[in-house]
Number of protein chains: 2
Amino acid sequence: MLKLSKKTDYALMAVQYMSEKGADRVVNTKEIAEEYNIPGELLAKVLQKLGKKGLIVSQNGPKGGYLLAKSPADISVLSVIQAIEGHVGITECYHNEDSTCMQMPRCNIRTPLRNIQNSIYGLLDSMSIAEMKEFGSATIVPQSRLYGHRT
Amino acid sequence: MLKLSKKTDYALMAVQYMSEKGADRVVNTKEIAEEYNIPGELLAKVLQKLGKKGLIVSQNGPKGGYLLAKSPADISVLSVIQAIEGHVGITECYHNEDSTCMQMPRCNIRTPLRNIQNSIYGLLDSMSIAEMKEFGSATIVPQSRLYGHRT
DNA sequence: ATGGTCTCCGATAGAAATAGTCGGCGACTG
DNA sequence: CAGTCGCCGACTATTTCTATCGGAGACCAT
């Protein structure tokens with residue numbers, strides 16, 4: 001229903017939080033969990049996934065935690081979403097590679113929806129974590145935000 | 001996970017189908033269900049919802065069925081989606097009016113996500129069923145497709 | 001007027017995704 | 001070498017989505 005999962009929300013919050021704290025500050029799971037009232041063990045899994053995907057870097061041991069792997073300006077919102085949700089698609093047939101969709105043979109909305117999907121992707125891909133924060137205060141989304149994308 | 005439900009897919013297919021058949025042709029549930037291999041009883045419910053929302057008009061009795069209530073150019077993709085899924089939001093707090101989100105007090109992504117959501121809405125709202133069909137053959141989504149939306 | 005066809009509606013069962021939990025392992029710092 | 005913290009897999013609970021069932025009401029043709 002076009003809704004992001006809670007895990008994804010948590011991921012975005014965490015990344016945003018780290019970006020606020022600065023590049024040198026090691027942040028641990030508990031700290032974020034308490035800040036936002038997120039169940040610690042669930043957030044831990046989310047951060048682990050972000051780590052695997054190379055978006056953040058982990059540091060073990062006491063005083064350990066996480067750091068952003070790159071500058072907030074270089075982390076796209078889409079990359080965070082995809083790190084958690086895997087390959088995302090607006091419909092079953094774009095979401096699942098080997099989907100056995102009964103409607104496929106005569107489907108009249110497959111291609112149009114792909115175009116819509118690509119547009120949404122373009123928006124999410126073009127927006128960085130750093131930009132997203134600014135959007136918080138901005139009231140208007142710039143017009144130049146959406147692109148045509150080849151099918 | 002940013003995916004439309006199957007019901008919504010069915011709704012879009014059905015509306016598209018009706019638009020193809022022309023304004024005067026009464027289409028019944030069974031016909032659409034067979035064309036696209038959709039479970040008949042489920043499609044029936046979907047069409048009923050579209051009827052309630054005034055997107056299509058029902059005609060009872062034998063030789064009954066459905067007609068588009070307006071021209072395909074006047075039916076937005078968003079209106080079809082919302083007819084089936086109700087109020088849609090990219091996050092829980094925008095999806096559910098009375099959501100008790102534990103992250104609310106300090107949430108750092110609420111407003112930015114709303115802007116993103118509004119952008120997506122703008123796209124879906126500005127696209128009609130008639131246009132959607134053309135997007136099926138087009139390879140490029142026009143640049144002018146996204147707007148700024150007030151928060 | 002009546003039987004067949006079709007929409008309409010609520011309830012419910014089954015399947016799948018999501019949210020959250022638990023327990024043990026390994027790495028690091030002081 | 002002990003405590004802290006990340007790492008990982010399995011597990012349960014909850015919610016949402018998908019699909020089905022049974023019956024009521026509208027309508028047309030004969």
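Reckoned from all heavy atoms, side chains included, excluding hydrogens, waters and symmetry mates. Sequence lines set the chain letters: A, B, ... in the order given, protein chains first and strands last, and positions in each chain run from 1.
- Contact check, A:Tyr10 against C:dT18: no side-chain N or O comes under 4.0 Å of OP1 or OP2.
- B:Met13 and B:Ile38 get closest at one heavy-atom pair: SD-CD1, 4.4 Å.
- The distance from atom CD of B:Gln103 to atom C1' of C:dA19 is 12 Å, rounded to the nearest whole Å.
- Among the atoms of the strands shown, only primed sugar atoms or phosphate atoms (P, OP1, OP2) are found under 4.0 Å from some heavy atom of B:Lys52.
- The distance from atom CD of A:Glu92 to atom C1' of C:dA17 is 11 Å, rounded to the nearest whole Å.
- Base engagement by B:Lys45 is indicated by at least one non-hydrogen atom pair under 4.0 Å involving a base atom.
- Where B:Gly61 and B:Glu85 each meet DNA chain D at their nearest nucleotide, the meeting point lying more 5' is that of B:Glu85.
- Under a cut-off of 6.0 angstrom, the local environment of CE in B:Met102 is sparse, with at most 12 non-hydrogen atoms contributed by other residues, nucleotides or ligands.
- Counting non-hydrogen atoms under 4.0 angstrom, A:Lys3 reaches nothing in the nucleic acid.
- In this structure, the CG atom of A:Leu43 is 14 Å from the C1' atom of D:dC7, given to the nearest Å.
- Heavy-atom minimum distance, B:Ala33 versus B:Leu43: N-CD2, 3.5 Å.
- Between the C1' atom of D:dC7 and the CD1 atom of A:Ile56 lies a distance of 13 Å, rounded to the nearest Å.
- Computed from coordinates, the B:Lys63 NZ to C:dT7 C1' distance equals 15 Å when rounded to whole Å.
- Among D:dT18, C:dT21, D:dT4, the nucleotide with an atom closest to any side-chain atom of A:Glu41 is C:dT21.
- Rounded to whole angstrom, the span from the CD atom of A:Gln48 across to the P atom of D:dG6 amounts to 9 Å.
- Spacing between atom CG of A:Leu42 and atom P of D:dT15 amounts to 15 Å, rounded to whole angstrom units.
- OP1 or OP2 of D:dT18 sits under 4.0 Å from a side-chain N or O of B:Ser5.
- Residue A:Arg25 qualifies as enclosed at atom CZ: its count of foreign heavy atoms under 6.0 Å is above 12.
- Put simply, B:Ser58 has no side-chain N or O that comes within less than 4.0 Å of OP1 or OP2 on C:dT7.
- When heavy atoms are screened at a 4.0 angstrom cut-off, B:Gly51 is found touching no nucleic acid atom at all.
- Put simply, NZ on A:Lys49 is 11 Å from P on C:dA19, counting in whole angstrom units.
- Applying the 4.0 Å criterion to OP1 and OP2 of D:dC5, one finds that A:Asn60 has every side-chain N and O outside that range.
- With rounding to the nearest 0.5 Å, the separation of OH in B:Tyr10 from CG in B:Leu4 is 13.0 Å.
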